[in-house]
Amino acid sequence: MSHAHAEQYAPVFTTGSARRTELDELLTRYPTKMAALLPALWMVQHERGWVSDEAMAEVASVLDLTPAYVKGVVTFYTMYHQHPVGRHFIQICTTSPCNVCGAEAVVDAFLKHTGCFELGQTSPDGKYTVIEVECLGACGFATPIMINEDFIESVTPEKVPEILSGLA
């Protein structure tokens, strides 16, 4: 059990909170509460850094859905973190075109320079999590990566230290 699981869950959508106000306004733009599920999950992830089982239950309650339905959506989309991740979530494209252009060496460089040691693990200082992803949609600019919401193309192993030094 991780430390994050041991902490008591603090709801995101409490009455009068900024997130609840944001969600309530969002609900006026959708035909059903269910239609607002993806943005509601984004709100949780932005607040907590990941979507826990407790958060899924909260979202289900707020949107009048079952927790199983919400979990099905969270587990379907890889964009939702189901466990705590580092402050800088690094996704590296390793599909065939990027692999041919050296994506594995880029992965190795990120693992080495972040201290993550293995894909999917968070660095001991909590700053980084590095994962491989299927296509980032930039095959002409291998190797593309995403750090949180920032897209960076044509990354080489030599550029990795400079990229990491630019992160706050």
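Just so you know, these numbers come straight off a predicted model, no measurement behind them. These numbers come from the heavy atoms of this one structure, side chains and all, not from hydrogens, waters or symmetry mates. The chain is numbered in sequence order, starting from 1.
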State, with a plain yes or no, whether a side-chain heavy atom of Leu41 is found less than 4.5 Å away from one of Tyr77.
no
Would you please test Asn99 and Glu104 for side-chain contact (heavy atoms from CB on, under 4.5 Å) and show each step?
CA-CA 6 Å; Asn99 244 339; Glu104 289 298 325; 3.0 Å; yes
Exam field: side chain Asn148 to backbone Arg87, donor-acceptor pair closer than 3.5 Å:
yes
Derivation of the side-chain contact (heavy atoms from CB on, under 4.5 Å) call for Val59 and Leu65
CA-CA 8 Å; Val59 169; Leu65 301 170; 5.7 Å; no
For Pro84 and Thr122, work out which heavy atoms get closest and say how close.
O-OG1, 4.0 Å
Run the side-chain contact (heavy atoms from CB on, under 4.5 Å) test on Leu26 and Met43 for me, step by step, so that the C-alpha distance in whole Å, both residues' side-chain angles and the decisive distance to 0.1 Å come before the verdict.
CA-CA 11 Å; Leu26 188 72; Met43 288 180 201; 3.7 Å; yes
Between Trp50 and Tyr80 (judged by ring centroids, cut-off 6.0 Å), do the two rings come close enough to count as a pair?
no
Intermediate values then yes/no, salt bridge (charged side-chain N to carboxylate O under 4.0 Å, His left out), Arg19 and Glu22
CA-CA 5 Å; Arg19 284 295 186 185; Glu22 183 181 5; 2.7 Å; yes
Summary of ring pair (Phe, Tyr, Trp, His ring centres under 6.0 Å) pairs that have at least one residue in residues 100-150, sequence neighbours excluded
His88-Tyr128
In the hydrophobic clustering that connects Ile, Leu, Val, Met, Phe, Trp and Tyr at side-chain heavy-atom distances below 4.5 Å, which members other than Ile131 occupy its cluster, ordered by chain and number?
Val85, Phe89, Val133, Leu136, Met146, Phe151
Donor-acceptor contact below 3.5 Å, side chain Glu132 vs main chain Leu119
no
Provide the closest heavy-atom pair for Ala55 versus Val44 in the form atom of the first, atom of the second, distance.
CB-CG1, 3.5 Å
Does Thr143 form a side-chain contact (heavy atoms from CB on, under 4.5 Å) with Val107? I'd like the steps, not just the answer.
CA-CA 10 Å; Thr143 298; Val107 168; over 6 Å; no
